[in-house]
Participant: 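My questions will all concern the structure given below.
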There are 2 protein chains.
Amino acid sequence: MSDESLLDRIRELVLSGAYAPGDPLSEIFLAQQFAVSRTPVRESLKQLERESLIEIKPKVGTFVREPTKREIVELFQLKEGLEGLAAGLMARRGRTAHLEFLEQNVRASEAAAIARDSGRYAQLVHEFHWGLVNGSDNSKLIEHYRLLMNQLAFHRLVLKTVENPKRIAVSSGEHRQVLQMIQDKDHFGAEAAMRNHVYASARELLGGSREAPEG
Amino acid sequence: MSDESLLDRIRELVLSGAYAPGDPLSEIFLAQQFAVSRTPVRESLKQLERESLIEIKPKVGTFVREPTKREIVELFQLKEGLEGLAAGLMARRGRTAHLEFLEQNVRASEAAAIARDSGRYAQLVHEFHWGLVNGSDNSKLIEHYRLLMNQLAFHRLVLKTVENPKRIAVSSGEHRQVLQMIQDKDHFGAEAAMRNHVYASARELLGGSREAPEG
DNA sequence: TTACAGTCTCTAGTATGCAACAGACTTTTG
DNA sequence: CAAAAGTCTGTTGCATACTAGAGACTGTAA
């Protein structure tokens, strides 16, 4: 088994939610599970620790991490910054293919919003945000965003937003607004609209705390 | 030797510029150098590969990475976004201690600019940018910024800007401007001023290419 | 009963040996 | 001379044995 593949498999295992925060992740157990020795498992765990998904306590064990409320707020602040940046970049240099993808995505989510299909809407929201970041055409931004989103996805802090039916209609409108700005090549407006959208979503999710990211 | 310490030591070795892009970094050699076995060295190298500082070619060897021009542009785009975000956050919630640090730093760099002491000015610029990011009080932002700056520092793409004497005076004024906005709690203005500053610096460094980050 | 000391077990941390492969070099053959 | 086959060396990839420490458990003494 290639090492990258093993890392991905263990990461997926952790992200899947099969383990609750605090659960131990024994090297020996994982090695048996994936039919390899401890060495490659260990390398993967070290990487996942750097991604803040797990915590390795020396000589004690490896455990699924428990995020603090503060960390979650910080992650959303960063999310707002990165997605805003992506929207601006896409407005400036976005490729036609990426634009068309977003256009189709927004149309589909508007339909899902009307149909009250929150499951499908959640999936489309996910694809909208990723499509926007990919559309920035900046591999470094994409990589940093991936690390960020792994932490949020891991703690199941994404997609919860759209469980509120009232929010769906508003959110859908915000997506449309961002798309419009990008199509108009208004990079300043696109960034502002995207940040506003991320801020609003985070505020909804975090309960409108004053600590939510700026708008 | 603790593993984290070994990682830091090898990272410093790479960042120090002792190796040119393309130079090999043998596991065995490093193990002898630091008087440990290949295993912990190998873990550290894997991590440095994830930080984009080196490249591990399976069954061939490990080499210091050569960045593409495109990657450098992407890194500066991200730098602009992250530092802008930090400026905005600091304007909103910056602690007094951080503000005083920046105030002192700007005064010192204004003095260094007048004295034409470009060595000292370069150091102060470095501290200004880091002080600002630390002042954001967002550990996730700080961590992502650290990864970003390691890549830039590694390729010696920081501090070059201030080699141009004409730029120093302008740059110093931009620092003062950012500080003023933060002191005025104008988070929108602070972010814009900081992004403008980063953009201008990057443009100077990258030769005013159209591909430079947006302002 | 409680506190403490000793032990025991489980964990990660490290060293090392072998396997597998890439790439350079050498030899052979047309 | 050229090209191809073969060999040889150096590298990482992985498995495994051993080390060492943390923490739980137990027995004993006050």
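A, B, ... follow the sequence lines: proteins, then strands. Residue 1 opens every chain.
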Participant: Establish, with yes or no, whether the OP1 or OP2 oxygen of D/dT12 is under 4.0 angstrom from a side-chain nitrogen or oxygen of B/T62.
Facilitator: yes

Participant: Sequence neighbours left out, what passes side chain to side chain contact (heavy atoms under 4.5 Å, CB included) with A/S26? Give chain and number order.
Facilitator: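 Only A/I28, A/F29 meet the side chain to side chain contact (heavy atoms under 4.5 Å, CB included) criterion with A/S26.
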
Participant: Pairs under 3.5 angstrom, nitrogen or oxygen only, protein versus nucleotides 17-25 of chain C, please.
Facilitator:
none

Participant: Does C/dA15 have OP1 or OP2 under 4.0 Å away from a side-chain N or O of B/S37?
Facilitator: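 For C/dA15, OP1/OP2 do have a side-chain N/O of B/S37 under 4.0 Å.
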
Participant: Of the nucleotides C/dA12, C/dA15, D/dA15, which has the atom closest to the A/P40 side chain?
Facilitator: D/dA15

Participant: Measure from CD1 on A/I28 to P on D/dT16 and round the result to the nearest Å.
Facilitator: 13 Å

Participant: Taking only residues at least two apart or on different chains, which pairs with a member in residues 29-40 of chain A satisfy salt bridge (charged side-chain N to carboxylate O under 4.0 Å, His left out)?
Facilitator: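 For residues 29-40 of chain A, and leaving out neighbouring residues, the salt bridge (charged side-chain N to carboxylate O under 4.0 Å, His left out) pairs sorted by first residue read A/E27-A/R38.
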
Participant: With A/H197, which residues qualify under side-chain hydrogen bond (donor to acceptor under 3.5 Å, both in side chains), at least two apart?
Facilitator: A/H129, A/E174, A/H175

Participant: Take atom NZ of A/K46 and atom C1' of C/dT11, then tell me their distance rounded to the nearest Å.
Facilitator: 14 Å

Participant: Could you write out DNA chain D as dot-bracket? Rules: Watson-Crick or G-U wobble, both distances under 3.5 Å, brackets [ ] for crossings, | for pairs with another strand, dot for unpaired.
Facilitator: ||||||||||||||||||||||||||||||

Participant: D/dT11 P sits how many Å from B/Q32 CD, rounded?
Facilitator: 10 Å

Participant: Going from OG on B/S52 to CG on B/L148, what distance comes out if it is rounded to the nearest 0.5 angstrom?
Facilitator: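 Between atom OG of B/S52 and atom CG of B/L148 there are 10.5 Å.
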
Participant: Verify the distance criterion only: is there a donor paired with an acceptor across the side chains of A/R167 and A/S201 at less than 3.5 Å?
Facilitator: yes

Participant: Between atom CD in A/E27 and atom P in D/dT16, what is the gap in whole Å?
Facilitator: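 About 15 Å, once rounded to whole Å.
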
Participant: Can you list the residues that meet the side-chain hydrogen bond (donor to acceptor under 3.5 Å, both in side chains) rule with A/N105, with sequence neighbours excluded?
Facilitator: none

Participant: Expressed in angstrom and rounded to an integer, what is the separation of A/L7 atom CG from D/dC14 atom P?
Facilitator: 12 Å

Participant: For B/Q32, check side-chain hydrogen bond (donor to acceptor under 3.5 Å, both in side chains) against everything at least two apart and list the hits.
Facilitator: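 Partners of B/Q32 by the side-chain hydrogen bond (donor to acceptor under 3.5 Å, both in side chains) criterion come out as none, since no residue qualifies.
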
Participant: Answer with base, sugar-phosphate or nothing: what part of the nucleic acid does B/L25 contact at a heavy-atom distance below 4.0 Å?
Facilitator: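 Sugar-phosphate: the residue B/L25, judged by heavy atoms under 4.0 Å, touches backbone atoms but no base.
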
Participant: How would you list, by chain and number, every residue that makes a side-chain hydrogen bond (donor to acceptor under 3.5 Å, both in side chains) with B/Q47, sequence neighbours excluded?
Facilitator: B/E51

Participant: Could you state the CZ-P distance from A/F29 to C/dA12, rounded to the nearest angstrom?
Facilitator: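 Going from CZ in A/F29 over to P in C/dA12 covers 13 Å.
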
Participant: Please enumerate all residues that pass salt bridge (Lys or Arg N to Asp or Glu O under 4.0 Å) together with B/R120, with sequence neighbours excluded.
Facilitator: none

